[in-house]
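Before anything else, here's the structure in question.
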Amino acid sequence: MARAASENSPSDGHVKEAVANIEETYRKLDTERGIYMNKCKSIRGEMKEFYSDASNLGISKKLLAKIIKEREYERKIDKLTADLEPDERSELEMLIEKLGEFGSTPLGQAALAKVDGAATLAQAGA
């Protein structure tokens with residue numbers, strides 16, 4: 001038997017409560033976001049001072065930023081490698097060795113693709 005129409009729709013009170021709860025969580029999120037942004041702003045200010053100090057010592061800001069970014073990427077790569085199991089690490093090392101020194105460059109990737117294509121053709125008997 002079908003339910004009465006009034007049972008299929010939420011009450012006014014339920015709708016208002018749901019909206020109020022969701023709006024409150026958005027207010028909390030905005031507050032937390034503001035706190036986070038203020039913390040970030042002060043840290044960025046410190047970073048700017050360090051870059052200025054380095055610049056005053058004759059260090060190029062642009063080159064220093066490049067070094068910092070490269071080191072950040074190296075730490076991320078190291079973390080990815082650290083998360084691997086020992087057998088995965090050895091397989092990774094083998095794959096990197098097979099790619100060679102220039103495997104990550106566009107020219108190296110093109111060469112590897114050509115070799116892979118030739119090997120595929122050879123396997124197919126062409």
Gap between atom SG of C40 and atom CE of M47 - 0.5 Å precision = 10.0 Å

Would a hydrophobic clustering, with Ile, Leu, Val, Met, Phe, Trp and Tyr connected at side-chain separations under 4.5 Å, put F50 with L64?
-> no

Point-to-point distance, once rounded to the nearest 0.5 Å, from CD of E17 to CD1 of I22 | 10.5 Å

Spacing of K61 atom NZ and K48 atom NZ [to the nearest 0.5 Å] | 7.5 Å

Acceptor/donor pairs from residues 67-88 side chains to any protein atom, 3.5 angstrom cut, sequence neighbours excluded:
{"from": "E70", "atom 1": "OE2", "to": "K66", "atom 2": "NZ", "distance (Å)": "2.1"}
{"from": "T81", "atom 1": "OG1", "to": "I77", "atom 2": "O", "distance (Å)": "3.1"}
{"from": "E88", "atom 1": "OE1", "to": "E85", "atom 2": "N", "distance (Å)": "2.8"}

Going from OH on Y26 to CZ on R33, what distance comes out if it is rounded to the nearest 0.5 angstrom?
-> 9.5 Å

R27 and A20 have their tightest heavy-atom pair at NH2-O, 4.3 Å

Would you indicate whether M94, at its atom CE, is surrounded by more than 12 heavy atoms from other residues, nucleotides or ligands within a distance under 6.0 Å?
-> yes

